[in-house]
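Here is the structure we will look at.
This chain uses plain numbering: 1 for the first residue, then up along the sequence.
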Amino acid sequence: MQINPDRFLSDLHRLRGFGASGVGKGVVRPAFSDPDIAARDWLAERMAEAGLTVHHDPVGNQFGLAPGPSLLVGSHSDSQPEGGWLDGALGVICGLELARASAEAGGPAISVANFQDEEGRFGVTTGSTIWSGALSLDQADTLTDRDGATFAEARGAMAHLAGGFVDPAQFTGFIEVHIEQGPWLFEAGEAAGIVTDIVGIRDMRITFTGEQNHAGTTPMHRRRDTFQGLAAFAALLNERFQNVVTPQTVWTTGHVDLHPGAHSIVPGRCTFSMQWRDGNGDRLARMEAIIRDTAQEVADARGLGLEYGTLLGLEPVDMAAPLREALAGAAEQVCPGRWRRMQSGALHDAANVAKLMPAAMLFVPSINGISHDFAEDTDEADLIIGMQVLAQAVADLR
């Protein structure tokens, strides 16, 4: 099975053109946007040219289906609001190139997946979460983005393409190729990472409500300032996590909304995101308890109201040993001594697909560890090595 590096790289760059930011190699291709749908239309043409049957399900997940039982390979082509050209797109084009190379060599049947809204315009890996059965379509349709648009409204833009949900029983397994989105492979000069497991993730919004008042005339001791509540909460949380977390545990407040958001007004409401990740489900639960207890303590001490949004997330997921070991063996053949086994601290569609079939992941380096940014990039030689490792692993699985 011989891949065509020029064809592979050409398709990657063609896909980058949909939603190109004009800044470096960056793209702006959020789920269900015009560039996202145009990219999926272009990918559908490439899948059909490769002899695959193109299918879109009700939530915008796109498949290029090979006849009979097949290995599913892919990722997602939607991007962050300011995204890089490889995040997700690499895995989709790897699947497309593998399907073509395998067909040309008379190899195993390869189907291609391009999941919708992995980047979370409406939730967490929305398209694959629905396909896995972890989220009902009725529930998903009520999800909203930052501008108040619902998932139901957004997926209406692809309604003319929609068929039924694809039966996962036709697939023998799933492999997702992705950039690392971290610094370890790049800094070590390594070309491939074989993912052992994907960490679990929890994500919810917390709201403190206080008293909106004049910033110049309200004494400090009389204030019910919700931002001060957030500041106290964050400081206490860092302290209380110390004896619970490991060096691999992470937590983030990535979005803060102060109301009414004026210089001269004490904010009467503060809504903020709280996200935490770890490879151990029990630790995630302990962290949730600490978060809730700390928020309640701050609210009580400062006379604030407290509300929680819906808790979203996924459990930690181990990668399937046969697929994982095939990738490891291929890496040793293609780039001996320049690969490692590693945990994924980022969430991927493979975590959902693993509920349906054996799943595995392969990482390639990210230059300077940068992702979710226009500056995201990977040396093209490393992209080709990743493609070669994938092809070798699939050939060895036969």
Side-chain angles (χ1 to χ4, degrees), residues 30-32 80-83 117-126 129 135 139-154 200-216 218 220-241 245 249-278 284-314 346-347 372:
F32 299 110
Q80 287 284 335
E82 293 188 0
D117 195 28
E118 193 275 352
E119 294 293 6
R121 177 182 169 189
F122 293 96
V124 180
T125 59
T126 314
T129 299
L135 178 67
Q139 290 175 307
D141 276 343
T142 66
L143 297 173
T144 58
D145 65 9
R146 289 186 179 183
D147 297 323
T150 67
F151 184 73
E153 292 167 342
I201 183 172
R202 300 289 185 271
D203 191 294
M204 69 178 177
R205 293 182 181 181
I206 300 174
T207 298
F208 287 128
T209 54
E211 183 176 73
Q212 181 177 322
N213 214 332
H214 196 292
T218 308
M220 296 304 291
H221 72 282
R222 295 278 298 271
R223 296 187 180 198
R224 294 168 58 208
D225 184 331
T226 56
F227 178 76
Q228 293 296 327
L230 169 58
F233 167 80
L236 283 171
L237 197 65
N238 288 347
E239 178 182 328
R240 293 174 180 181
F241 275 167
V245 301
T249 311
V250 295
W251 59 98
T252 307
T253 296
H255 177 72
V256 177
D257 180 19
L258 293 176
H259 180 83
H263 292 199
S264 297
I265 301 177
V266 177
R269 185 175 70 245
C270 176
T271 298
F272 58 97
S273 65
M274 190 70 224
Q275 185 185 100
W276 58 106
R277 307 186 189 210
D278 192 88
L284 289 169
R286 291 175 66 191
M287 293 174 72
E288 180 187 349
I290 293 171
I291 288 167
R292 291 182 184 272
D293 288 346
T294 303
Q296 189 65 60
E297 181 180 321
V298 168
D300 291 344
R302 294 176 175 270
L304 303 176
L306 175 62
E307 298 175 6
Y308 297 102
T310 303
L311 179 67
L312 301 173
L314 292 171
L347 183 61
H372 287 185

For T207, does its backbone N or O pair with a side-chain atom of T271 as donor and acceptor, under 3.5 Å?
-> no
Non-hydrogen atoms of L314 and R202 that approach each other most closely = O-NH1, 3.0 Å
In this structure, CG of N238 is separated from CZ of F233 (nearest 0.5 Å) by 9.5 Å
Just wondering, do N213 and R223 contact through their side chains at under 4.5 Å, heavy atoms?
-> no
Do D278 and W251 have side-chain N/O donor and acceptor atoms under 3.5 Å apart?
-> no
Is R205 positioned over the aromatic face of Y308, cation under 6.0 angstrom from the ring centre and no more than 45 degrees off axis?
-> no
Find out whether Q212 and I265 are in side-chain contact, i.e. whether some heavy atom of one side chain is under 4.5 Å from a heavy atom of the other.
-> yes
With distance as the sole test, does T218 use its side chain to make a donor-acceptor pair with the main-chain N or O of A215 at under 3.5 Å?
-> no
Reference residue C270; test side-chain contact (heavy atoms from CB on, under 4.5 Å); the match among T209, I206, T226 | T226
What is the minimum heavy-atom distance between L312 and V124, and which atoms define it?
-> CB-CG2, 4.2 Å
In Å and rounded to the nearest 0.5 Å, what is the CG to CZ distance from D145 to F151?
-> 11.5 Å
Do R146 side-chain atoms and F122 backbone N/O form a donor-acceptor pair below 3.5 Å?
-> no
Flag, side chain of W276 to backbone of M287, donor-acceptor distance under 3.5 Å | no
Would you say the side-chain atoms of S273 pair up with the backbone N or O of G254, donor to acceptor, closer than 3.5 Å?
-> yes
Using a 4.5 Å cut-off on heavy atoms from C-beta on, say whether the side chain of T150 contacts that of D141.
-> no
Go through the steps for L306 and Q296 under the test side-chain contact (heavy atoms from CB on, under 4.5 Å), then give the verdict.
-> CA-CA 7 Å; L306 175 62; Q296 189 65 60; 3.4 Å; yes
Just wondering, are more than 12 heavy atoms of other shown residues or ligands nearer than 6.0 Å to CD in E288?
-> yes
Residues T310 and M204: closest non-hydrogen pair is O-CB, 3.6 Å
Under 3.5 Å, side chain of E239 to main-chain N/O of L236, donor-acceptor pair present?
-> no
Name the orientation class of the two ring planes belonging to F272 and F208 (parallel below 30°, tilted from 30 to 60°, perpendicular beyond 60°).
-> tilted
Closest heavy-atom contact between P267 and L258?
-> CB-CD2, 4.2 Å
List the atom of L135, the atom of A140, and the distance in Å for their closest heavy-atom pair.
-> CD2-CB, 3.8 Å
D225 side-chain N/O to F227 backbone N/O, donor-acceptor pair under 3.5 Å = yes
I291 vs L237 side-chain heavy atoms within contact, under 4.5 Å = yes
Take V266 and E211, measure what side-chain contact (heavy atoms from CB on, under 4.5 Å) needs, and give me the verdict at the end.
-> CA-CA 7 Å; V266 177; E211 183 176 73; over 6 Å; no
Does a side-chain heavy-atom distance below 4.5 Å link Q228 with R302?
-> yes
Minimal heavy-atom distance between Q275 and D203, with the atoms involved, is NE2-OD2, 2.8 Å
More than 12 non-hydrogen atoms from neighbouring residues, nucleotides or ligands closer than 6.0 Å to CZ on R240, yes or no?
-> yes
Give a yes or no on whether F241 atom CZ has more than 12 heavy-atom contacts from other residues, nucleotides or ligands under 6.0 Å away.
-> yes
Does some side-chain heavy atom of M274 sit less than 4.5 Å from a side-chain heavy atom of T253?
-> yes
